Amino acid sequence: MVIRVEPNSKQAYNLLHKGILSLARAERQGICIDMKYCERQQKTLSRKIAWAEDQFRKTSFYKDWKTSIRHEPNIYSPQQLGKFLYEVKHIRQTRQTKSGAGAVDEEALESLNIPELQILLSAKKLKKIRDNYLAGFMREAVNGVIHPSFNLHLVKTFRGSANNPNFQNIPKRDKQAKLITRKALIPREGHQLMEADFGSLEVRIAACYHQDTTMIKYIKDESTDMHRDMAQQIFKLSNFDKHNRAHGILRTAAKNGFVFPQFYGDYYLPCAKSLAKWGQLPEGRWNKHDGIDIGGIKLSDHLINQGIKSFNGFVNHIQDIEADFWENRFPVYARWKERWWNAYQRIGQFSMLTGFTCVGEMGKNNAINYPVQGAAFHCLLWSLITLDKFIIDNELQTRIIGQIHDSIVLDIYPPERQIIIDAITDITTRQLLNEFKWIIVPLKIDFEIGEIDGSWADMKEIEN
DNA sequence: GGAACTCGCCAC
DNA sequence: AAACGTGGCGAGTTCC
């Protein structure tokens with residue numbers, strides 16, 4: 001299968017031409033690395049990893065493993081671990097990989113309830129931080145600066161990508177991993193790091209394609225909140241308090257376990273499983289004491305009271321919600337998906353709003369997602385080009401140092417901080433809408449900034 | 001001895 | 001019928 005994507009307009013060609021020049025400037029600038037910190041951290045991590053490995057090797061689990069194969073197993077080999085668990089010990093697989101082997105990823109191992117494996121998992125996590133990230137930074141550093149490549153020619157959807165090292169997958173959600181890795185990335189002396197990212201960019205760009213009135217209202221009216229509404233519907237909450245911790249978790253569950261997967265083309269069964277996991281509900285019969293606490297009552301108890309008595313009942317419930325989501329809440333969006341898919345099937349290609357044509361064999365989810373992902377990235381790229389020109393024209397000392405799909409990362413010269421914030425705000429929320437007339441919803445830009453001589457680990461949101 | 005593959009996991 | 005979109009990277013493993 002070959003998918004050809006090409007600019008079909010002068011404007012689209014210019015975007016790539018100018019885009020790669022601006023990204024080349026970011027590459028040449030690079031990002032400073034605290035080499036001394038990296039060396040210290042590597043030593044600390046190595047000590048912790050060695051300790052965890054020691055602990056693991058003392059367990060009877062490990063000894064049985066070693067005995068079974070008559071030599072030292074490689075404890076980091078998924079194949080060897082899978083063989084021991086599923087072929088020697090005959091433990092029932094909870095899930096399989098694509099090729100049919102028993103899965104041994106974190107989720108699969110957790111579900112086996114073997115405490116010894118927790119030690120192995122913790123060692124693996126630390127090893128990844130040390131070898132994948134810190135070692136990668138140090139390997140790529142030249143005079144204390146890394147110069148990641150930012151590519152525009154590798155992604156099917158015409159997004160960008162980054163490598164050597166990959167600047168776009170540095171840990172952010174896991175607190176420990178975030179802290180250790182991002183502390184290594186620092187601004188130039190006397191400067192500060194800043195990241196400007198579009199809020200819910202893909203949702204907004206999708207709305208430019210389907211023009212669903214309900215979705216546009218969610219975007220335009222800041223007192224509404226799609227994820228909150230879905231959390232209430234999914235978990236049958238009669239009220240919602242955004243300061244309530246449990247409600248916050250259920251909102252995140254709705255967002256990451258239902259709304260986004262549905263937008264990417266997922267369906268109710270995996271959604272129900274993911275939602276149950278968020279709420280810590282088992283995939284079987286429920287009793288009153290299952291799930292997270294939602295204010296004096298367990299989630300399972302609450303749902304049982306609402307008539308959902310088991311995981312199976314919950315699956316049916318989510319199936320109903322899925323139907324309601326597309327048939328009643330976002331019917332225009334749903335019709336656009338069908339129209340778009342039918343048109344693609346007739347002619348074997350489609351064009352993005354930014355003037356790029358995709359030709360080739362695609363499944364339904366691909367054909368629907370590519371134009372959104374591509375056009376959203378092009379909004380970021382146009383903004384980056386325009387900001388770069390602003391920096392050059394005004395002879396500023398601030399530099400763009402990278403791009404992460406819907407965000408721009410900068411090394412800020414502190415006296416220029418407000419000038420840059422104002423420029424980015426103007427470019428992303430006004431000039432961009434003037435350049436791309438098809439953008440029919442407002443766009444939103446958020447800023448995070450670090451301390452002067454701080455690191456990328458301690459970024460704070462700024463009110464704009 | 002290296003290419004190509006699998007698996008797992010990090011980001012948006 | 002099908003069923004989550006896009007990448008990069010490291011380590012282990014298999015194939016030539």
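Labels below follow one simple rule: chain letters A, B, ... track the order of the sequence lines, proteins then strands, and each chain is numbered from 1. In this text the structure is predicted, and so the values were computed from the model without any measurement.
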message = Does the structure place the NZ or CZ of A/K127 under 6.0 Å from the centre of the six-membered ring of A/Y76, at an angle of no more than 45° from the ring's axis?
response = yes
request  = Would you please indicate if the ring centroids of A/W341 and A/F350 are separated by under 6.0 Å?
outcome  = no
Heavy-atom neighbours of A/W438 CH2 exceed 12 at 6.0 Å = yes
request  = Establish, with yes or no, whether the OP1 or OP2 oxygen of B/dC9 is under 4.0 angstrom from a side-chain nitrogen or oxygen of A/K128.
outcome  = no
message = Taking any heavy-atom pair under 4.0 Å as a contact, classify A/K172: base, sugar-phosphate, or nothing.
response = sugar-phosphate
ask   = Which nucleotide, C/dA11, B/dG8, C/dG7, lies nearest any side-chain atom of A/D131?
value = C/dA11
ask   = How close or far is atom C1' of C/dT6 from atom CZ of A/F158, stated in whole angstroms?
value = 14 Å
A/W51 side chain near A/R47 side chain, heavy-atom distance below 4.5 Å = no
ask   = Does OP1 or OP2 of C/dG8 have a side-chain N or O of A/S161 closer than 4.0 Å?
value = yes
key: Sugar-phosphate only, base, or nothing, as touched by A/Y133 at under 4.0 Å among non-hydrogen atoms   = sugar-phosphate
request  = Would you indicate which nucleotide in C/dT6, C/dC9, B/dC10 comes nearest to any side-chain atom of A/K125?
outcome  = B/dC10
request  = Could you check which of C/dT13, C/dT6, B/dC12 has an atom nearest any side-chain atom of A/S77?
outcome  = C/dT13
Protein-nucleotide distance (A/K255, atom NZ; B/dC12, atom C1'), rounded to Å = 12 Å
Using a cutoff of under 3.5 Å, can you pull out all pairs of nitrogen or oxygen atoms linking the protein to nucleotides 1-4 of chain C, with atom names and distances?
from: C/dC4; atom 1: O5'; to: A/D266; atom 2: OD1; distance (Å): 3.4

Comparing A/P165 and A/R159 on DNA chain C - which has the more 5′ nearest nucleotide = A/R159
request  = Just grab all the side chain to side chain donor-acceptor pair (under 3.5 Å) pairs involving residues 273-282 of chain A, residues at least two apart or on different chains.
outcome  = none
task = Name the nucleic acid region contacted by A/A103, choosing base, sugar-phosphate or nothing; use a 4.0 angstrom heavy-atom cut-off, strictly under.
result = sugar-phosphate
inquiry  = Among B/dC12, C/dG7, C/dG5, which nucleotide has an atom closest to any side-chain atom of A/N366?
reply    = C/dG5
query = Within this structure, what is the CZ-to-C1' distance between A/R130 and C/dA11, rounded to whole angstrom?
reply = 13 Å
request  = Would you mind classifying the nucleic acid contact of A/N164 as base, sugar-phosphate or nothing, using non-hydrogen atoms under 4.0 angstrom?
outcome  = sugar-phosphate
task = Using a heavy-atom cut-off of under 4.0 Å over every strand shown, decide if A/R139 touches base, sugar-phosphate, or nothing.
result = sugar-phosphate
query = A/I205 CD1 to C/dT6 C1': how many Å, rounded?
reply = 16 Å
task = Calculate the interatomic distance between A/N166 atom CG and B/dG8 atom P; express it in whole Å.
result = 20 Å
message = Once you apply a heavy-atom cut-off of 4.0 Å, does A/Q80 come out as touching a base, just sugar-phosphate, or nothing?
response = sugar-phosphate
ask   = Do A/Y333 and A/T214 come close enough that some side-chain heavy atom pair is under 4.5 Å?
value = no
query = Please give, in whole Å, the distance from C/dC9 P to A/K127 NZ?
reply = 17 Å
remark   = A/N163 atom CG is separated from B/dA11 atom P, nearest whole Å, by 18 Å
ask   = What does A/L154 touch in the nucleic acid at a heavy-atom separation under 4.0 angstrom: a base, only the sugar-phosphate, or nothing?
value = sugar-phosphate
Heavy-atom donor-acceptor pair, A/T44 side chain to A/R40 backbone, under 3.5 Å = yes
query = Does OP1 or OP2 of B/dC7 have a side-chain N or O of A/S99 closer than 4.0 Å?
reply = yes
task = Verify, without hydrogens or angle tests, whether A/D225 (side chain) and A/R228 (backbone) share a donor-acceptor contact under 3.5 angstrom.
result = yes
inquiry  = At 4.0 Å (heavy atoms only), tell me whether A/L201 reaches a base, stays on the sugar-phosphate, or touches nothing.
reply    = nothing
message = So, does A/N74 get its side chain near the phosphate of C/dG12, meaning an N or O under 4.0 Å from OP1 or OP2?
response = yes
inquiry  = Would you say that more than 12 heavy atoms from the other residues, nucleotides or ligands in this model lie under 6.0 Å from the CD of A/Q211, or not?
reply    = yes
inquiry  = Just the rounded figure in Å: distance from C1' of B/dC12 to CG of A/D446.
reply    = 15 Å
query = Out of B/dC9, C/dG8, C/dT6, which has the shortest distance to the side chain of A/Q373?
reply = C/dT6
request  = Looking at every strand, decide which applies to A/V372 at a 4.0 Å heavy-atom threshold: base, sugar-phosphate, or nothing.
outcome  = nothing
